[in-house]
Trainee: 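Got a structure here, written out as structure tokens. Questions coming.
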Amino acid sequence: MKNSNIKDMTVGSPSKHILSFAVPLLIGNVFQQLYNMVDSIVVGNFVGANAIAAVGTCGSMNFLFFSLSSGLAIGIGIIVAQYFGAKEERLVKTTIANSFYVLGVVSIIISIVGCLICPFILKLLRCPDVIFPDSVVYMRTTCYGIIFVAIYNGVASILRALGDSKTPLYFLILSSIVNLVLDLVFVLSCGWGVFGVAFATIISQAVSAITSLIYAYYKNPYFHLSKRELQPHRMIILNSFKLGVPIALQNALIAVSMMVLQGVVNTFGETVMASYTISMRIEQLVQQPYGSLGAAVTTYSGQNCGAKDFDRVKKGMHRGTLFAFIFSLAMLPLFQFFSPMIVSWFVKDSEVIRIGAAGLRITSIAYFGLGMIYVPRAVLNGCGDANFALINGISEVVCRILFSQILSRIAVISLFGHEIAMGYRGIWYTTALTWILTGVVCLIRYKSGVWKKKALVG
């Protein structure tokens, strides 16, 4: 099928394919992160530090609930990419049809469960009483939007699997603008506070979901489905869960570990909570180039694995590693020298700025370790080695729980003759060490070569 936005990555320059795919995706991911960043900036500047802490303490729970459906979307995208690389057009269309059955049912279940259990989880996280009501309101409201997150992620994952990373960008830009405008209207004009930013978020998510689905139907030939292709296909549904569930569980485990870490953060009070929330928002933005690079490598690897061209897969891994190293090197001086100024964009409290800036200096040292989570994992996922995702998730859980419980309870650590202050700083050291060790685990799995035997096609 001929379409200017559909790209065959089984031929041509690996570097060109990866970069041309990753750049639009990066822009889109940055806009997607603006959802939470705008929420934090608006409530931090116009409502107060307690409000930003309330939004922040829901971050790991949001990640948990959203990642369960987005993990399935990633798995579906991998199947589409492999069938596309193998030139199985009918199976590509059948996978698209069945993906919406899977995502629709799962997202509705997650939404209902999330609304019911969020107060209980917030209690487990030791959410302070002063921000507990706002946290429950924010969490429950955003849970209503999970169906829209699932639909958008499903459409975007399929389009990207077909080599189109530009189209999802346009709808993210649109929804981010909607989110920004509604945030200001609901908070400043209506005075709805935390509920206002949450309600603005789900409306903007609905905009991105509905508009992307309409566009895909009218503009992408693979979304023109016959009655035969619309019939439930047992093998494809099972493969969607086979690939998607381990990725979803990986994300869920990561979310659980982040929730444990959030619980540790909450023991240090509202000031550290606000500092951590801001540093997390900034790091989520920093992670977008790695995430975009990883998504590009996943699609590239999926198509080439479907075509059984493993040498091209290896070339993609090498190029991805190089790009991750260059970006990590560029970010290091930015956060070592300018982190106080960056944190001050979110809040004016001098103590919050001081603590948040110190945290960013710690984690920026480990950015290349973060890159070495994204790139090898992208190759493994793209080639169908999704079961490793669960191993990867477990390694992050172990690291975050172990290091956070130890480092945050120690006042000072002596290393190579230097004394390093810990306490609440152990939160950010936990993040840095987790990235480094998890990256090593990913590299070991890639080097094993097991991924060559995991393709679903051929």
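None of these values were measured; they are calculated from a predicted model. Starting from 1, each residue takes its place in the sequence as its number. Computed over heavy atoms, backbone and side chain alike; hydrogens, waters and symmetry mates excluded.
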Trainee: If you compare all heavy atoms of Ala73 against all heavy atoms of Ser157, which two are closest, and at what distance to 0.1 Å?
Mentor: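 Where Ala73 meets Ser157 most closely, the heavy atoms are O-OG, 2.7 Å.
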
Trainee: Can you confirm whether or not the ring centre of Tyr429 sits under 6.0 Å from the ring centre of Phe403?
Mentor: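 Aromatic pair excluded; centres sit 6.0 Å or further apart.
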
Trainee: Side-chain contact test, heavy atoms from C-beta onward, threshold under 4.5 Å: evaluate it for Thr363 versus Phe335 and give yes or no.
Mentor: no

Trainee: Hey, are the side chains of Phe327 and Leu293 touching, using non-hydrogen atoms and a 4.5 Å cut-off?
Mentor: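 SC-SC contact between Phe327 and Leu293 ruled out.
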
Trainee: OG1 of Thr431 to CD of Glu283: how many Å apart, nearest 0.5 Å?
Mentor: 6.0 Å

Trainee: Hey, does the side chain of Ser404 reach the backbone of Ile401 with a donor-acceptor pair shorter than 3.5 angstrom?
Mentor: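 It does hold such a pair.
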
Trainee: So, the side chain of Ser107 versus the backbone of Gly104: is there a donor-acceptor pair under 3.5 Å, distance only?
Mentor: yes

Trainee: Any donor-acceptor pair under 3.5 Å linking the side chain of Ser448 with the backbone of Arg445?
Mentor: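 Side chain of Ser448 to backbone of Arg445: a pair is present.
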
Trainee: Keeping Thr298 on the side-chain end and Gly294 on the backbone end, is there a donor-acceptor pair under 3.5 Å?
Mentor: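 Between the backbone of Gly294 and the side chain of Thr298 there is a qualifying donor-acceptor contact (under 3.5 Å).
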
Trainee: Any side-chain heavy atom of Phe368 sitting closer than 4.5 Å to one from Met331?
Mentor: no

Trainee: If you take all heavy atoms of Gln82 and Gly384, which pair is closest and at what distance?
Mentor: NE2-N, 3.6 Å

Trainee: Return the minimal non-hydrogen interatomic distance between Val265 and Met273, and the atom names on each side.
Mentor: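 Shortest heavy-atom contact: CG1-CA, 3.8 Å.
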
Trainee: Mind running side chain to side chain contact (heavy atoms under 4.5 Å, CB included) on Thr167 and Asn220 for me, showing each step along the way?
Mentor: CA-CA 10 Å; Thr167 299; Asn220 191 299; over 6 Å; no

Trainee: Any salt bridge (charged side-chain N to carboxylate O under 4.0 Å, His left out) pairs touching residues 393-403, not counting sequence neighbours?
Mentor: Arg377-Glu396, Glu396-Arg400

Trainee: I'd like to know if the side chain of Glu229 and the backbone of Lys93 have a donor-acceptor N/O pair within less than 3.5 Å.
Mentor: no

Trainee: Can you label the angle between the Phe186 ring and the Phe199 ring as parallel, tilted or perpendicular, going by 30° and 60°?
Mentor: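 Geometry flag for Phe199 against Phe186: parallel rings.
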
Trainee: Backbone N or O of Met139 within a donor-acceptor pair of the Thr142 side chain at under 3.5 Å?
Mentor: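 Side chain of Thr142 to backbone of Met139, a donor-acceptor pair under 3.5 Å: yes, one is there.
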
Trainee: So, taking the atom named OG1 in Thr299 and the one named CG in Asn381, what distance separates them when rounded to the nearest 0.5 Å?
Mentor: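 Here the interatomic distance stands at 11.0 Å.
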
Trainee: Ignoring hydrogens, what is the shortest heavy-atom contact between Phe84 and Tyr222? Give both atom names and the distance.
Mentor: CE1-OH, 3.6 Å

Trainee: Take atom CZ of Phe310 as the centre, draw a 6.0 Å sphere, and report whether it contains more than 12 heavy atoms from other residues, nucleotides or ligands.
Mentor: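 Buried by this count: over 12 neighbours within 6.0 Å.
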
Trainee: Does the side chain of Cys383 reach to within under 4.5 Å of the side chain of Val313, using non-hydrogen atoms?
Mentor: yes

Trainee: Write down the atom of Arg160, the atom of Pro168, and the distance for their closest heavy-atom approach.
Mentor: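 Smallest heavy-atom distance, with atoms named: NH2-CB, 3.7 Å.
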
Trainee: Search all heavy atoms of Ser257 against all heavy atoms of Val397 and return the closest pair with its distance.
Mentor: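 Closest approach of Ser257 to Val397, heavy atoms only: CB-CA, 3.6 Å.
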
Trainee: Here's a test for you: under side chain to side chain donor-acceptor pair (under 3.5 Å), which of Lys315, His318, Arg319 qualifies with Ser15?
Mentor: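 So the option named by the test is Arg319.
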
Trainee: Extract all donor-acceptor atom pairs below 3.5 Å that involve side chains of residues 18-25 and protein atoms in other chains or at least two apart in sequence.
Mentor:
residue, atom, partner, partner atom, Å
Ser20, OG, Lys16, O, 2.7
Ser20, OG, His17, O, 3.2

Trainee: Rounded to the nearest 0.5 Å, what separates atom OG in Ser328 from atom CG in Leu370?
Mentor: 7.5 Å

Trainee: Could you measure the distance from the CD1 atom of Ile203 to the OH atom of Tyr144? Nearest 0.5 Å is fine.
Mentor: 14.0 Å

Trainee: Mind checking the CD1-CG spacing from Ile96 to Leu91? Nearest 0.5 Å is all I need.
Mentor: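 One finds 11.0 Å between CD1 of Ile96 and CG of Leu91.
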
Trainee: Using modelled atom types and a 3.5 Å cut-off, is there a donor and acceptor pairing between side-chain atoms of Asn98 and backbone atoms of His233?
Mentor: yes

Trainee: Step by step, work out the salt bridge (Lys or Arg N to Asp or Glu O under 4.0 Å) result for Lys87 and Asp8.
Mentor: CA-CA 10 Å; Lys87 315 304 180 190; Asp8 186 349; 2.6 Å; yes

Trainee: Find the distance between CD (Gln262) and CD1 (Ile121) and round it off to the nearest 0.5 Å.
Mentor: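 One finds 12.5 Å between CD of Gln262 and CD1 of Ile121.
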
Trainee: Is there a side chain to side chain contact (heavy atoms under 4.5 Å, CB included) between Val440 and Met372? Walk through the geometry before answering.
Mentor: CA-CA 7 Å; Val440 170; Met372 287 300 94; over 6 Å; no

Trainee: Determine whether Ile78 and Ile247 make a side-chain contact, defined as any pair of heavy atoms from C-beta on separated by less than 4.5 Å.
Mentor: yes

Trainee: Do Trp428 and Tyr276 have side-chain heavy atoms sitting under 4.5 Å apart?
Mentor: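 Yes; the side chains approach each other to less than 4.5 Å.
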
Trainee: Would a distance-only check, ignoring hydrogens and angles, find a side-chain to backbone donor-acceptor pair under 3.5 Å from Asn392 to Phe388?
Mentor: no

Trainee: Should Tyr300 and Arg312 be marked as a side chain to side chain contact (heavy atoms under 4.5 Å, CB included) after you check the CA-CA gap, both sets of side-chain angles, and the distance that decides it?
Mentor: CA-CA 9 Å; Tyr300 173 90; Arg312 279 183 64 83; 3.4 Å; yes

Trainee: Hey, mind stepping through Val297 and Tyr374 against side chain to side chain contact (heavy atoms under 4.5 Å, CB included) and telling me if it holds?
Mentor: CA-CA 9 Å; Val297 172; Tyr374 277 99; over 6 Å; no

Trainee: For Ile108, is there any backbone N or O sitting under 3.5 Å from a side-chain donor or acceptor partner on Ser111?
Mentor: no

Trainee: Quick one: are Lys447 and Pro376 in side-chain contact, heavy atoms under 4.5 Å?
Mentor: no

Trainee: For Leu230, does its backbone N or O pair with a side-chain atom of Tyr101 as donor and acceptor, under 3.5 Å?
Mentor: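 A pair under 3.5 Å: yes.
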
Trainee: Looking at side-chain heavy atoms only, is the closest gap between Val197 and Tyr138 below 4.5 Å?
Mentor: yes

